[in-house]
Every structure is written in structure tokens, then in C-alpha cells.
There are 2 protein chains.
Amino acid sequence: MSPPLPRDPIADAQRNWESHGWGDVAAPMAAITAIMRTQQILMARIEGALKPFGLTFARYELLALLSFARSGALPMNKASALLQVHPTSVTNAVDRLQTAGLVVRSPHPTDGRTTLIELTAEGRTLAKRATAVLNGEVFGQSGFGEEDVNQLIRILGDFRRGAGDFTD
Amino acid sequence: MSPPLPRDPIADAQRNWESHGWGDVAAPMAAITAIMRTQQILMARIEGALKPFGLTFARYELLALLSFARSGALPMNKASALLQVHPTSVTNAVDRLQTAGLVVRSPHPTDGRTTLIELTAEGRTLAKRATAVLNGEVFGQSGFGEEDVNQLIRILGDFRRGAGDFTD
DNA sequence: TCCAAACCCTTGGATGTCCTAGTATATTGC
DNA sequence: GCAATATACTAGGACATCCAAGGGTTTGGA
């Protein structure tokens, strides 16, 4: 880790915006920049926790998604939609998970275009162990206050709905 | 854009966590996942707004940082620290900005190890125009309520301080 | 019936990020 | 003064993401 800065660089940026006559958008600029930086910090923690398992966050997310599917299998396009990533990213992740023996591809029984991804027994076990570590090392020690967590869920939920993620 | 999902996938994940006996960390898990997704949405908007200028967010951030430096020049290591990215990422960004004629490298007057990055006139102009577009198209239409913006700045500021970003 | 349009996945190319290692320059300690 | 350590940047490799393009499959209208 690099040593802490003496001053908050985002607060500095907000002041810069204000002194340049962009005061009307300085606050949302600061909020958005803070989200970017927070994501970066959290991603580093998550990847660090998953490293011992040979997993990246992208691959873990796919494993976790499959482990919650009743049948343990999902079509690629469904996984792409639920994880909200590009289909090629799923292809990439499945390639590596398959090489590691954690998932297998199998043809869809009725639609020849579709490929199903299925957890192996190993994959299911690893997903369980990785989730336990993430829960303990990252989610359980997030550093967010309990009330702040609820605020975040509401604020970001409103935002995601407004951005067209879901209609719920 | 892919069509909206009928249900919030993050709320689903939270319910899954609760039903698997991880209720104690379900809320922070949901908050962290929401931050990840929100960052993804915002990044796509930002990159879209910058595309006409041939800039990525990483390169824009560097230009903006230089444009706020009194002298219009910064050492690479200083830029790396302020942007909170790896030094090699700065090298990469400078390579491309230099090719585009927006910055130049120059030797540090007293420290032979250090390379200064300096804005060109073109770089300064482009930074100004790109900032105007970002302010208008992204920060000015973030979709966050005014009070939520203040909440985010406080909550994420507390988090970043706790994570060791700054001591302020 | 049959062909065009839509859909699904993969490949190849570009970009960005990080890590490890290497080169060059400064600083420190003996 | 010289060697050991620290610092600054760059090169090469691993991953992840997206876009554009291509080949196989299904669907639906003429």
C-alpha cells in the first residue's frame, strides 16, 4: 500500500471545480469520483481474498451465480445478462474455469445455439469455500457503518433503477 | 443497452445470502456489489462522453490533474500517487497522450531519475473542452438526488479515510 | 416451403490495470 | 570515496473488458 495522502484528493478536486466556476456540478463530480475510488479499494480487497483460490472476481461471480441456480447450470446468455457483463467476458471466464475443472460446457437440450454452463463438484466446493472467506474477510469487515450500509443500498438501488438496470 | 431485468439481481443475491445463513453479512455484500455495478454504469457514461475526444477516463484524469497543477507539470510518481493508480498505468497513459501530442515528457532539472509530464497547449485546450462535456452530460445529469449526493460524499469519504487513502 | 432476419457463441484486436523484473540515478552509511 | 540501499521509470506478461466480425441455429413471414 502507498502511504496515506495528507489531504483528500477528491475534496481537493471538488474545491478546484468550485473555484473554476463549476460549482453547480462539483458535488456530483466528487460523489462519482468517490464511487470510482471506493470500487477500486474494494476490488483490491476482494481479489486479494480470492487469490489463494486461483479465482478472480469475475470468475467467482460466475461460480456463485451457478451455485445459486437450482439446477447448477445456466445458459451463457443468461449468465451474461444476470452478471451484466459482455458475452465475450463470460466466454473468457468459462474458458478459464473449465480449464481449472470447475465448470463444464454442455449443449442445450432443445436449442442448438445455446451452451449451458454447469458446475462440477469441485466447482461447487470451491465456490462455497471462497464465499466463506469473502464473507469473513471482506463483507464482514467492510468498514461501513450499519446505517450507512442501508443508505448505500437505497441510494444505489434508486440509481440503478433509474439507469435502467431493472424495472422492479 | 440490454433490456432491464424484471428484478433487481443484487436484491436477489441479498436474499440468497440470507437464506443460506449468511444474514449477518448480506447487507454489506449487497452494498458492495451495488458499488461495483454503479461504478460500471458511471464508467460507461464517462467513457462515452470522452470518446469523441479520443480520451479514456484514465487519460482524462491525468490531463485534468495536470491542468490544475500551477505549473502545468508534474513528476510521474506524483501523478501516480494523486490518481492512486499503479506507476505503470501512468507510463501507459503518458505514452498515449504523448503520441497524441497532448503532453510531453521532460527531464527533471535536479533529479535525474524523475521525468516531468507537461501539458501542451493542445492538451490544455482539450482538457477544458472535455471537462465541459463531462460536466454537462455526466456530472450534471448523474441521477442522484441532491441530498443523496451529500450522503455519498460523507459515507464514501469516511470509508476512504478508514481504508488509509488520506489522513486529513 | 424456404429464405431472410434474429439470436448465440467464439475469435481476434484494442485498451487498461496490475505484478515482476530490470536499468538508471540518488542518497546513506561505513 | 565507495558500496549498499532506496527511488523513479520502463519493459514484458497475465487478466479482464469491450467491440467488430464470423459461423452455426432457430424463427417467422412471404
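As the structure is a prediction and not an experimental result, all values here were calculated from the model. Lettering of chains follows the sequences in order, A, B, ..., and the numbering in each one begins at 1.
- With the nearest nucleotide of DNA chain D identified for both A/R113 and A/Q84, A/Q84 has the one nearer the 5' end.
- Put simply, A/F139 and A/F53 are part of the same group of oily side chains (I, L, V, M, F, W, Y) that touch within less than 4.5 Å, one to the next.
- Taking 3.5 Å as the limit, the base of C/dC19 and the side chain of B/T88 contain a donor-acceptor pair of atoms between them.
- When the side-chain nitrogen and oxygen atoms of A/T91 are compared with OP1 and OP2 of C/dC9, none of them lie within a distance under 4.0 Å.
- Contact check, A/S89 against D/dA16: no side-chain N or O comes under 4.0 Å of OP1 or OP2.
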Item to complete: Apply side-chain contact (heavy atoms from CB on, under 4.5 Å) to the pair A/D8 and B/R161, showing each step before the final yes or no.
Response: CA-CA 8 Å; A/D8 178 359; B/R161 186 182 300 104; over 6 Å; no
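- The CE atom of A/M76 sits 6 Å away from the P atom of C/dC9 (whole-angstrom rounding).
- Rounded to a whole Å, the CG atom of B/N92 is 15 Å from the C1' atom of D/dC15.
- Per the geometry, CD belonging to B/Q39 stands 13 Å off C1' belonging to D/dA16, to the nearest Å.
- Atom-to-atom, CZ of B/F57 to C1' of C/dG16 comes out at 13 Å; the value is rounded to the nearest Å.
- Look at CG on A/D95: it is 7 Å from P on C/dT10, rounded to the nearest Å.
- Nearest nucleotide to the A/A58 side chain, out of C/dT25, D/dA16, D/dA20: D/dA16.
- Within 6.0 Å of CZ on A/R154 lie more than 12 heavy atoms contributed by other residues, nucleotides or ligands.
- Ring-plane geometry between A/W17 and B/F68 is classed as tilted, the angle between the planes lying from 30 to 60 degrees on a 0 to 90 degree scale.
- Following rounding to the nearest Å, A/M36 (CE) and C/dT17 (P) show an atom-to-atom distance of 12 Å.
- Within the nucleic acid shown, A/T115 comes within 4.0 Å of sugar-phosphate atoms alone, with no base atom in reach, counting heavy atoms only.
- The distance from atom CD of B/E47 to atom C1' of C/dG16 is 9 Å, rounded to the nearest whole Å.
- Along DNA chain C, the nucleotide nearest to B/G112 and the one nearest to A/T114 differ in position, and the one closer to the 5' end is contacted by A/T114.
- With distances taken from any side-chain atom of B/R59 to the nucleotides C/dC19, D/dT17, C/dG16, the minimum falls on C/dG16.
- Between A/Q40 and C/dC18 there is a side-chain polar atom (N or O) within less than 4.0 angstrom of OP1 or OP2.
- Residue contacts shown for A/T56 are limited to sugar-phosphate atoms, with no base heavy atom under 4.0 Å away.
- Here the nucleotide nearest the side chain of A/N77, chosen from D/dT10, D/dC19, C/dC9, is C/dC9.
- In this model, the phosphate group of D/dA14 is not approached by any side-chain N or O of A/R96 to a distance below 4.0 Å at OP1 or OP2.
- The closest donor-acceptor contact from the side chain of B/H86 to the backbone of B/S89 lies at 3.5 Å or more, if one exists at all.
- Rounded to a whole Å, the NE2 atom of B/H86 is 17 Å from the P atom of D/dG12.
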